[in-house]
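Step one of this worksheet: look at the structure below.
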Number of protein chains: 2
Amino acid sequence: MKKRITIIEDNPIIREGFAAVVNSSALYEVCGQYACCEDALKNLHADAPQLVLMDIDLPGTNGIEGTIQIKKKRPDCIVLIITVLEGSDKVFQSLCAGAGGYIVKNSDTEDIVKDTNEAFSGGAPMSLHIAKMVVQSFNRAQDSPLSERETSVLRGIAEGKSYSKIALDLFISKETVRSHIKNIYQKLAVNSKADALKVAGSHKWIS
Amino acid sequence: MKKRITIIEDNPIIREGFAAVVNSSALYEVCGQYACCEDALKNLHADAPQLVLMDIDLPGTNGIEGTIQIKKKRPDCIVLIITVLEGSDKVFQSLCAGAGGYIVKNSDTEDIVKDTNEAFSGGAPMSLHIAKMVVQSFNRAQDSPLSERETSVLRGIAEGKSYSKIALDLFISKETVRSHIKNIYQKLAVNSKADALKVAGSHKWIS
DNA sequence: GAAAAATCCCCCAATCTGCGGGATTGAGGG
DNA sequence: CCCTCAATCCCGCAGATTGGGGGATTTTTC
């Protein structure tokens, strides 16, 4: 039984190219190809794809919103983003939307079948730089001006705890927490919880 | 000029194996091999590696702590985690510590040189399932009991804003925010900001 | 021995929070 | 057509929280 694949891509040449590659493989077959998400979603139930090759920049519903819709209707369907641009925002939005991989197609190479294999094997196909971006999103910058204890306190704030709760959790007095907060505010040049979180969060200084 | 690689691995057989593979390549040379992080850190400056192959389970300082130390002293040095186990905690801790890749070595295959190439080419070498885990950490579960508006309000809470600030940002009255919060508390069966964040956060219902 | 970090204490005014009551509008389903 | 639900808004109140100011001591680190 061949695995069923739907292709969503507004450029007809690229779309047909993908479809030809998929159909010529022994493992996969195209169960639907569309130029926009709206059409694809309409036939999603009938097509019953196990995997969707999705372009990001589409007229109407874009690829990210489309991914959300597809995952809502068919949670087990894998969505692979295939695009020419690698804007960092798009990458993370796509992954948050439920995409199972993000491939930047470098014009000539078309390892779609290889990437599809990888996706079905329990992997997450990504281009070199995408993988790097994703991994780097984890490494926090380490040159935080905050001391270890101050970071713990700020993490408590980030979790919405009150000073008293933080004090309890860290086995210190509420007054100590206040002292730390005062120092944090001074170091970050802010004067409120929300601002401190904004500054520290943007530099990934928390947790 | 060959790229310099340090190997940290307590099993001498595996360590020697890695060293042999690296030294036999045209592009890389081993500049240091150690059974523990302590020794490696002592010679880090002298060795001046561009990349470190790091085991996770080590006597004394473990691979995660070791990665942090190395990145602190040599931020531009790439650290690749090479391990037999793939505990999910370890993966994310490693990446947060600054690791540039995470490879599960399946006994026979030793594509160390291939992975090293990928790392130096601006990629983030990862095993199939590791990549999947990393990507999945982004997709939030979508079956949130909260309405869209309630989620926005809760996100405001998560950012440390006060009710008034949230009201301003969402262009609604403070009283409306309070209503939403009341509903959120009821839906999540909690009665404080911190608890709501804990429940919603653990299910990835925010942002 | 100085500097930094971490701990603790006091005061005060303004704000925020959680809880108790409500109300109105509009959209969508049965 | 009615009902529900989400979303909007309103009032009052007691108690906690917050940010700002002024200190202090100890331990660690250099």
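In what follows, every chain begins at residue 1, and chains take the letters A, B, ... in the order their sequences are listed. Note that these values count all heavy atoms, side chains included, but never hydrogens, waters or copies made by symmetry.
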Do the side-chain N or O atoms of [X] get closer than 4.0 angstrom to the phosphate oxygens (OP1, OP2) of [N]?
X         : N       : result
Ser164(B) : dC16(C) : yes
Arg178(A) : dG19(D) : no
Tyr163(B) : dT15(C) : no
Ser147(A) : dA5(C)  : no
Thr176(A) : dC8(C)  : yes
His180(A) : dT7(C)  : yes

Over 12 foreign heavy atoms within 6.0 Å of NZ, Lys174(B)
no
Which whole-number value in Å describes the distance from [X] [atom1] to [N] [atom2]?
X         : N       : atom1 : atom2 : answer
Ile184(B) : dG18(C) : CD1   : P     : 11 Å
Glu175(B) : dG18(C) : CD    : P     : 14 Å
Phe171(B) : dA7(D)  : CZ    : C1'   : 17 Å
Lys174(A) : dC10(C) : NZ    : C1'   : 13 Å
Lys165(B) : dT18(D) : NZ    : P     : 17 Å
Asn183(A) : dA6(C)  : CG    : C1'   : 9 Å
Leu154(B) : dA6(D)  : CG    : P     : 15 Å
Asp195(B) : dG18(C) : CG    : C1'   : 13 Å

- Message: Within the structure provided, determine whether Cys77(A) and Val52(A) are in side-chain contact (heavy-atom separation under 4.5 Å).
- Response: yes
Heavy-atom nearest nucleotide on DNA chain C taken for Ile172(A) and for Lys187(A); more 5' hit belongs to Lys187(A)
Base, sugar-phosphate, or nothing for [X], non-hydrogen atoms under 4.0 angstrom?
X         : result
Ser173(A) : sugar-phosphate
Ser162(B) : sugar-phosphate
Asn191(B) : sugar-phosphate

Check: Hey, is the side chain of Ser179(A) pairing donor to acceptor with the base of dC8(C) inside 3.5 Å?
Finding: yes
Establish whether the base of dG19(D) is bridged to the side chain of Lys193(A) by a donor-acceptor pair shorter than 3.5 Å.
no
Phe138(A) ring center within less than 6.0 Å of Tyr102(B) ring center: no
For Pro125(A) and Asp115(A) the tightest heavy-atom approach is CG-O, 3.4 Å
Closest non-hydrogen atoms of Val30(A) and Asn23(A), given as atom of the first, atom of the second and distance, are N-OD1, 3.0 Å
Margin query: Salt bridge or not between Lys90(B) and Asp57(B)? Use side-chain N to carboxylate O under 4.0 Å.
Written below: yes
Picking from dC10(D), dG19(D), dA7(D), the nucleotide nearest the side-chain atoms of Lys182(B) would be dC10(D)
